[in-house]
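Structure record follows, encoded as structure tokens.
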Amino acid sequence: MTEVDVIGTSTDDFALNVQPQEGSAFWIVLDLLEFIDHGADTEIVVGNVRAVRRADGEWDESTIKPGTPWWKFW
């Protein structure tokens, strides 16, 4: 539909756009790409739940003791 040049042969009409820091962007089929990193040890906190990303991409969730709300800091 978009008529972009794609590296590889796509069986499901899907490709990812990969753009290096320097240079032009490339459209590449998923079969030619290798996933490198899940971002292990990434931590997010929402309310009183903390989630830490494991090396396999899953999340470990734990409940944390709520601290002083930011609006009461003042």
Side-chain angles (χ1 to χ4, degrees):
M1 178 179 248
T2 59
E3 299 184 23
V4 296
D5 291 326
V6 176
I7 299 171
T9 303
S10 176
T11 57
D12 55 358
D13 196 29
F14 182 83
L16 285 179
N17 183 276
V18 177
Q19 184 168 4
Q21 288 183 348
E22 306 215 2
S24 301
F26 302 96
W27 288 94
I28 304 175
V29 297
L30 291 178
D31 294 342
L32 299 178
L33 296 174
E34 179 180 355
F35 187 77
I36 304 242
D37 188 9
H38 285 285
D41 298 324
T42 300
E43 182 178 321
I44 61 171
V45 177
V46 178
N48 64 341
V49 177
R50 176 181 33 209
V52 179
R53 191 110 194 223
R54 297 190 317 232
D56 66 357
E58 296 294 318
W59 292 92
D60 284 328
E61 294 184 2
S62 60
T63 303
I64 58 176
K65 181 180 175 185
T68 304
W70 64 269
W71 64 87
K72 292 187 177 181
F73 176 75
W74 303 107

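In this chain, residues are counted from 1 in sequence order. This is a predicted model, so every value here is computed, not measured.
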*Any side-chain heavy-atom pair from Thr9 and Val29 closer than 4.5 angstrom?*
no
What's the shortest heavy-atom distance between [X] and [Y], and which atoms?
X	Y	result
Ala55	His38	O-CD2, 3.2 Å
Trp27	Asp5	CB-O, 3.5 Å
Val49	Ile64	N-CG1, 4.3 Å
Gly8	Leu32	CA-CD1, 3.8 Å

Nearest-0.5 Å distance, [atom1] of residue [X] to [atom2] of residue [Y]:
X	Y	atom1	atom2	value
Thr63	Arg50	OG1	CZ	10.0 Å
Ile7	Leu16	CD1	CG	12.0 Å
Arg53	Glu58	CZ	CD	8.0 Å

_Same apolar cluster: Val45 and Val52, side chain cutoff 4.5 Å_ = no
*Transitively linked via ILVMFWY side-chain contacts under 4.5 Å: Val18 with Phe35?*
no
*asked:* Which residues end up grouped with Trp59 if you chain together Ile, Leu, Val, Met, Phe, Trp and Tyr wherever their side-chain heavy atoms are less than 4.5 Å apart?
replied: Ile44
*asked:* Just checking Asp60: does its CG atom have more than 12 heavy atoms from other residues, nucleotides or ligands closer to it than 6.0 angstrom?
replied: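 Atom CG in Asp60 is packed in, count exceeds 12.
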